Every structure is written in structure tokens, then in C-alpha cells.
Amino acid sequence: MTATRTDRPRRAPADPQKFRVVVGPSAIDGRGAFAAEAIPARRKIGEIRGESISVREARRRARGLDRIMIVEVSERRAIDAAASTDPLRFTNHSCAPNAVLRIRQGRVEFYAIRDVAAGDELTVGYGESHHEGRLVCRCGAPRCAGRL
């Protein structure tokens, strides 16, 4: 008997998290992503995965929402992580972030900007967002811009 493609056991997708991250209450907003172990500077923390949708659909879904978990990865595609189990989807904005979000080959990856201690909330600078300056920033950074 010859094995066919359907006969092969399915492997679970690789865990995109390189460091342990947990979700907990955030002083910034709702829930946040927190380092469960020390993370050295310039190291990949992990990724968020989700549904691949058009940018048009992403903007339709984001309309009127305060909390979204959508990242545009190109001019045409976005990732909606609302149904994802990846803890980094809860990463909040800060005007003094300790991590950066990078788009690499259509993937949404997070890297530490500086050393992050266990227990620290992981934050990124959102840059342009659907809030268009209408949402008050609550990051608490000394040089907070005040709005997202």
C-alpha cells in the first residue's frame, strides 16, 4: 500500500512564541501581555497569528471599536487576531515601548528593544492606527504623546 498525502499524520503548527508570555490585567488598558521570563534586548519574543483578510475588510471590522486586534501586513492584506490564542495579541501601546512590532514575510513578529524583566508588561508603539488621534493614550510614559 502506498502512503498518500491524506495518510500522513498532521503535525501541530509550531509554537510561534520564543519566550513565555502571559495575559493579565493591564494598568494601560484592559488586558495586557506580560513577560513570564526575562527577555534579552534584540531577541524575538514571538508572533501573533490570525485570519488573513483584506485591508478593506480589516478597516470595516475596526470601525467603531475601541479595542482591535488587527494588523495590516501589506497594502492589501491584514491579520485579524481576535480569535487567536497567541498572548501577544494583547500587547498594548506605549509612547516608551519595550518591544517593536515587525512585519516579516506576512508575519506579525515582536522583538525586545531593550532587556525586559519577568513580570513587565510588553508594549509597542502602535504608530498609525484606526483611532486617528481620537483616543486618549493611557500609557503613563513621562513623554506620553497624549493621543493615539
Side-chain angles (χ1 to χ4, degrees), residues 9-148:
R10 273 204 162 149
R11 292 189 318 174
D15 185 355
Q17 308 318 315
K18 304 300 179 192
F19 289 90
R20 288 183 301 124
V21 175
V22 296
V23 177
S26 168
I28 296 172
D29 187 43
R31 294 165 62 186
F34 294 84
E37 61 185 315
I39 303 170
R42 297 178 303 282
R43 295 288 302 275
K44 181 178 177 181
I45 301 167
E47 302 176 17
I48 56 171
R49 299 166 295 182
E51 179 185 3
S52 179
I53 58 176
S54 70
V55 166
R56 183 180 202 176
E57 175 63 11
R59 292 179 181 173
R60 186 195 68 75
R61 290 181 186 186
R63 208 171 292 129
L65 297 177
D66 286 335
R67 289 188 183 100
I68 64 162
M69 296 175 181
I70 299 174
V71 178
E72 292 182 15
V73 295
S74 75
E75 292 179 9
R76 297 175 52 185
R77 303 302 304 161
I79 300 295
D80 183 347
S84 173
T85 59
D86 300 323
L88 286 168
R89 74 187 179 118
F90 290 101
T91 305
N92 281 314
H93 166 82
S94 175
C95 295
N98 56 14
V100 63
L101 180 151
R102 291 192 179 130
I103 308 302
R104 300 246 169 137
Q105 299 175 338
R107 296 193 325 246
V108 181
E109 302 178 337
F110 293 79
Y111 292 82
I113 295 173
R114 58 180 179 270
D115 291 342
V116 179
D120 285 355
E121 182 168 4
L122 296 166
T123 58
V124 297
Y126 282 176
E128 290 184 39
S129 78
H130 74 287
H131 298 297
E132 299 174 340
R134 295 182 306 256
L135 185 66
V136 173
C137 182
R138 296 180 282 205
C139 75
R143 294 193 159 169
C144 177
R147 297 192 140 329
L148 293 176

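Computed from a prediction, not measured in an experiment: that's the story for all the values here.
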For this session: Quick one: list whatever passes side-chain hydrogen bond (donor to acceptor under 3.5 Å, both in side chains) with Arg77, sequence neighbours left out.
Result: Ser52

For this session: Begin with the C-alpha distance, continue with both residues' side-chain angles, and end with the deciding distance and a verdict on side-chain contact (heavy atoms from CB on, under 4.5 Å) for Ile103 and Val108.
Result: CA-CA 5 Å; Ile103 308 302; Val108 181; 4.1 Å; yes

Exercise. So, Asp86 side chain and Leu88 main chain: donor-acceptor pair closer than 3.5 Å or not?
Worked result: no

Problem set entry | Side-chain donor or acceptor of Asn98 paired with backbone N/O of Arg114 under 3.5 Å | no

Problem set entry | Residues in side-chain contact (heavy atoms from CB on, under 4.5 Å) contact with Ala118, at least two apart in sequence or another chain | none

Exercise. Quick one: side-chain contact (heavy atoms from CB on, under 4.5 Å) partners of Ala81, sequence neighbours excluded?
Worked result: Ile48, Met69, Ser84, Arg89

Problem set entry | Asn92-Ser26 side chain donor-acceptor pair, cut-off 3.5 Å | yes

Exercise. Is Arg61 salt-bridged to Glu51, going by a charged N under 4.0 Å from an acidic O?
Worked result: yes

Should [X] and [Y] count as side-chain neighbours, where that means a heavy-atom distance under 4.5 Å?
| X | Y | result |
| --- | --- | --- |
| Arg31 | Pro25 | no |
| Leu122 | Val116 | yes |
| Ile79 | Ile70 | no |
| Tyr126 | Cys95 | no |
| Phe110 | Thr91 | yes |

Exercise. Can you list the residues that meet the salt bridge (charged side-chain N to carboxylate O under 4.0 Å, His left out) rule with Arg104, with sequence neighbours excluded?
Worked result: none

Problem set entry | Residues in salt bridge (charged side-chain N to carboxylate O under 4.0 Å, His left out) contact with Arg60, at least two apart in sequence or another chain | Glu57

Exercise. How would you list all residue pairs meeting side chain to side chain donor-acceptor pair (under 3.5 Å) that involve residues 36-45, not counting sequence neighbours?
Worked result: Lys44-Glu47, Lys44-Glu109

Could you give the distance from [atom1] ([X]) to [atom2] ([Y]), rounded to the nearest 0.5 Å?
| X | Y | atom1 | atom2 | answer |
| --- | --- | --- | --- | --- |
| Phe19 | Ile39 | CZ | CD1 | 6.0 Å |
| Ser54 | Glu72 | OG | CD | 9.5 Å |
| His93 | Cys144 | NE2 | SG | 6.5 Å |
| Gln17 | Thr85 | CD | OG1 | 8.5 Å |
| Arg76 | Ile53 | CZ | CD1 | 14.5 Å |

For [X] against [Y], the heavy-atom pair lying closest together:
| X | Y | result |
| --- | --- | --- |
| Asp115 | Ala41 | OD1-N, 2.8 Å |
| Val55 | Ser74 | CG2-O, 3.6 Å |
| Gly106 | Val73 | O-CG1, 4.0 Å |

Problem set entry | Test side-chain contact (heavy atoms from CB on, under 4.5 Å) applied to Ile28 and Glu121, step by step | CA-CA 9 Å; Ile28 296 172; Glu121 182 168 4; 3.7 Å; yes

